[in-house]
Amino acid sequence: MRSPKVFGFLLLATLILSACQSTLTPQKDLHSTLGRFAQALRWGDHGAVASYFVDAEEGRAFIERQRDRGQINVTEVRIVDIVPSDEGLRAEVTLEIEYYELPSASLRRFDTVQHWKAAGIDNTGQGRWLLETPFPPFPGAD
């Protein structure tokens, strides 16, 4: 009779410990946020990109600039570097962005340094990362 009880206890303990390990940490969450941010840039989903700004006004300004900028298409967004702050709730992120502006098919590239901060991160590491810096204009875009 002890064997099933011991087995049940070990199974329960294993499940509890594995649940604790699957909790997101702020840095892991930053990587997934940057992936979604990059995807929104590539797809031209300006509203989704704007939702990542700490300042809602900066998000609206981003959408306006994209409307006025012409036909710029982002083809690739690469994370070049992530430098987390000491407390791990802020990070300096360098992205490399490739794009072209129609009607030209010439691929252009630029690096941008962004400052991100964790918002609403609780003791489980769950929360949201937001962009503190404005998005730069695309170089050479008319």
Exercise. Any chain of hydrophobic side-chain contacts (each under 4.5 Å) joining I79 to W43?
Worked result: no
Problem set entry | Nearest-0.5 Å distance, CZ of residue F135 to CG of residue L41 | 5.0 Å
Problem set entry | Verify same cluster id: L30, V80 (apolar side-chain graph, 4.5 Å) | no
For this session: If a pair satisfies salt bridge (charged side-chain N to carboxylate O under 4.0 Å, His left out) and one of its residues is in residues 129-138, list it, with sequence neighbours excluded.
Result: R90-E132
Problem set entry | Contact check, side chains of P137 and F110, non-hydrogen atoms, under 4.5 Å | no
Exercise. Taking 4.0 angstrom as the limit, do R108 and E101 come out as a salt bridge?
Worked result: yes
Problem set entry | Minimum-distance pair of heavy atoms, taken over all atoms of A40 and A48 | CB-CB, 3.9 Å
Problem set entry | Validation row: E58, L131 side chains within 4.5 angstrom (heavy atoms) | no
For this session: Please write out which residues are connected to V54 in a hydrophobic cluster, directly or through intermediates, given that two of Ile, Leu, Val, Met, Phe, Trp, Tyr count as joined at side-chain heavy-atom separations below 4.5 angstrom.
Result: L130
Exercise. Would you say the side chain of Q114 lies within less than 4.5 Å of the side chain of Y52, judging by non-hydrogen atoms?
Worked result: no
For this session: Give, for atom CZ of R36 and atom CH2 of W129, the distance between the pair rounded to the nearest 0.5 Å.
Result: 12.5 Å
For this session: To the nearest 0.5 angstrom, please state how far the CZ atom of R128 sits from the OG atom of S51.
Result: 5.0 Å
Exercise. Side-chain contact, heavy-atom cut-off 4.5 Å: F138 with R65?
Worked result: no
Problem set entry | Pairwise distance CZ(R78) to OG1(T94) - rounded to 0.5 angstrom | 14.0 Å
Problem set entry | Rounded distance (nearest 0.5 Å) linking atom CG of L102 with atom CG of N73 | 5.0 Å
Seminar exercise, completed: CD1 (I72) and OH (Y100) are apart, to the nearest 0.5 Å, by 11.5 Å
Problem set entry | Which atom of T133 lies closest to which atom of V113, heavy atoms considered | OG1-O, 4.2 Å
Seminar exercise, completed: Heavy-atom nearest pair, L107 first then E98, reads CD2-OE1, 3.5 Å
Exercise. Once the angle between the rings of F53 and F62 is folded into 0 to 90°, is it parallel (under 30°), tilted (30 to 60°) or perpendicular (over 60°)?
Worked result: tilted
